[in-house]
Amino acid sequence: MADGSIARGSAPWPCFLVPANVCPPYTVGTRILNNPPRHLLQIEGLLPPQIGAMLDLAESYVLLNRSGKTQRDLLRGRTLINLFFEDSTRTRTSFELAGKRLGADVINMSVSTSSVNKGETLLDTAATLNAMHCDLLVVRHDQSGAPALLAQKVDAAVINAGDGTHEHPTQALLDALTIRRRRGALAGLVVAICGDVLHSRVARSNIHLLTTMGSRVRVVGPPTLIPPAVERLGVTVFHDMKAGLEGADIVMALRLQKERMARGLVPSAREFFRFYGLDAAKLAWAKPDALVMHPGPMNRGVEIDSAVADDPVRSLIREQVEMGVAVRMAVLDLLARQARRND
Ligand code: CP
């Protein structure tokens with residue numbers, strides 16, 4: 001939502017899930033997914049078995065990647081287009097790597113050199129890509145809802161790679177996989193999400209995923225950077241960092257998103273770091289074995305101190321990046337299975 005406020009949708013089944021009677025159940029790992037998704041636009045609305053099945057499939061790709069083996073026949077003959085209207089390092093690259101590891105033809109559309117710069121609309125761009133018979137379309141856009149709009153207009157399976165302040169579903173999946181591998185389960189963990197929650201699509205997707213999977217989620221930050229009525233999503237709000245971190249198993253620092261920020265939300269980066277920047281002294285308020293996460297890109301010395309970010313024992317930041325490739329392979333695999341059913 002443009003004003004950063006959060007509301008949980010009332011529909012039990014979001015539009016991107018195909019009703020159970022349309023597709024037969026199929027197995028991923030040991031679980032059964034009755035509703036394989038056609039697109040992945042958001043975490044909100046997914047059920048615990050669906051999230052668990054995606055994480056199980058991603059886990060199998062972690063093991064495959066580490067073994068050095070490939071599975072290039074899975075997406076052979078399929079075309080994946082990365083359509084990024086906003087900057088990205090991790091998400092774009094890992095989707096490219098994931099697509100190539102599964103054998104897809106991968107095209108990175110650079111918006112800065114495309115006809116979007118000559119005034120072409122989003123929908124005309126979509127029609128153009130559709131005419132090229134793209135199978136998988138990965139979209140990042142600064143407007144919330146842009147991937148959902150595209151999903152209505154193209155034949156391809158659409159994956160939301162981050163839309164405005166709405167959601168970043170694959171980031172939440174990779175965060176969950178990272179936590180689950182270290183802690184064994186998500187249920188019962190206390191997760192403190194700290195900093196600029198207001199502008200964070202990562203926070204929103206993580207809140208939906210973690211609360212659905214039984215974690216106890218806290219959001220910690222100054223009142224100006226916490227969305228109004230965020231408690232409705234099942235989180236507890238803290239404005240005091242010490243109180244927010246006490247007893248936390250996981251501390252997730254978020255980037256201060258100055259580019260989305262109206263002026264005056266924080267006095268200065270230095271002031272923000274003093275009260276909310278995650279350094280060793282503040283981390284000591286959490287559980288002694290608490291783990292540190294950050295979705296990247298990081299502003300060192302603003303929301304996180306370098307000593308904490310680079311801590312080889314406590315920081316999971318590099319592991320998050322590794323999990324990103326496996327999660328995106330799982331998502332591409334899953335959507336391609338569904339696309340084959342529709343062929
Ligand atoms: N976490 C994340 O979305 O990073 P990028 O902006 O580099 O893709």
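Atoms considered below: every heavy atom in the structure, side chains included; atoms not considered: hydrogens, waters and symmetry mates. Order of listing sets the numbers, starting from 1, for every ligand and every atom in it.
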Quiz item: At their closest point, which heavy atom of Asn82 faces which heavy atom of Phe95, and how far apart are they?
Solution: OD1-CB, 3.6 Å
Quiz item: Do Arg140's NZ or CZ and the ring of Phe84 fall within the cation-pi criteria of under 6.0 Å and 45°?
Solution: no
Practice problem: For Arg140 and ligand 1, answer yes if some heavy atom of the residue is under 4.0 Å from a ligand atom, otherwise no. | Solution: yes
Quiz item: Which protein heavy atom lies closest to atom 4 (O) of ligand 1, and at what distance to 0.1 Å?
Solution: Arg90 NE, 3.1 Å
Quiz prompt | Asp142 CG: over 12 foreign heavy atoms closer than 6.0 Å | solution = yes
Quiz item: Is it the case that Asn160 and Glu167 place a side-chain donor and acceptor less than 3.5 Å from each other?
Solution: no
Quiz item: Considering only heavy atoms of Thr91, which atoms of ligand 1 have at least one such atom less than 4.0 Å away?
Solution: 2 (C), 3 (O), 4 (O), 5 (P), 8 (O)
Practice problem: Give the atoms of ligand 1, by number and element, whose distance to some non-hydrogen atom of Gly296 is under 4.0 Å. | Solution: 1 (N), 2 (C), 4 (O)
Practice problem: Could you tell me whether Pro295 and ligand 1 have an N or O pair separated by under 3.5 Å? | Solution: yes
Exercise. Considering the heavy atoms of Gln171, write down every atom of ligand 1 situated less than 4.0 Å from one of them.
Key: 1 (N), 2 (C)
Quiz item: Does His168, backbone or side chain, put an N or O under 3.5 Å from an N or O of ligand 1?
Solution: yes
Quiz prompt | Atoms of ligand 1, numbered as shown, that sit under 4.0 Å from any heavy atom of Thr89 | solution = 5 (P), 7 (O), 8 (O)
Exercise. Work out which heavy atom in Arg255 is nearest to a heavy atom in Asn299; give both atom names and the distance.
Key: CG-ND2, 3.3 Å
Practice problem: Measure across Val158 and His39 and return the closest heavy-atom pair with its distance rounded to 0.1 Å. | Solution: N-ND1, 2.8 Å
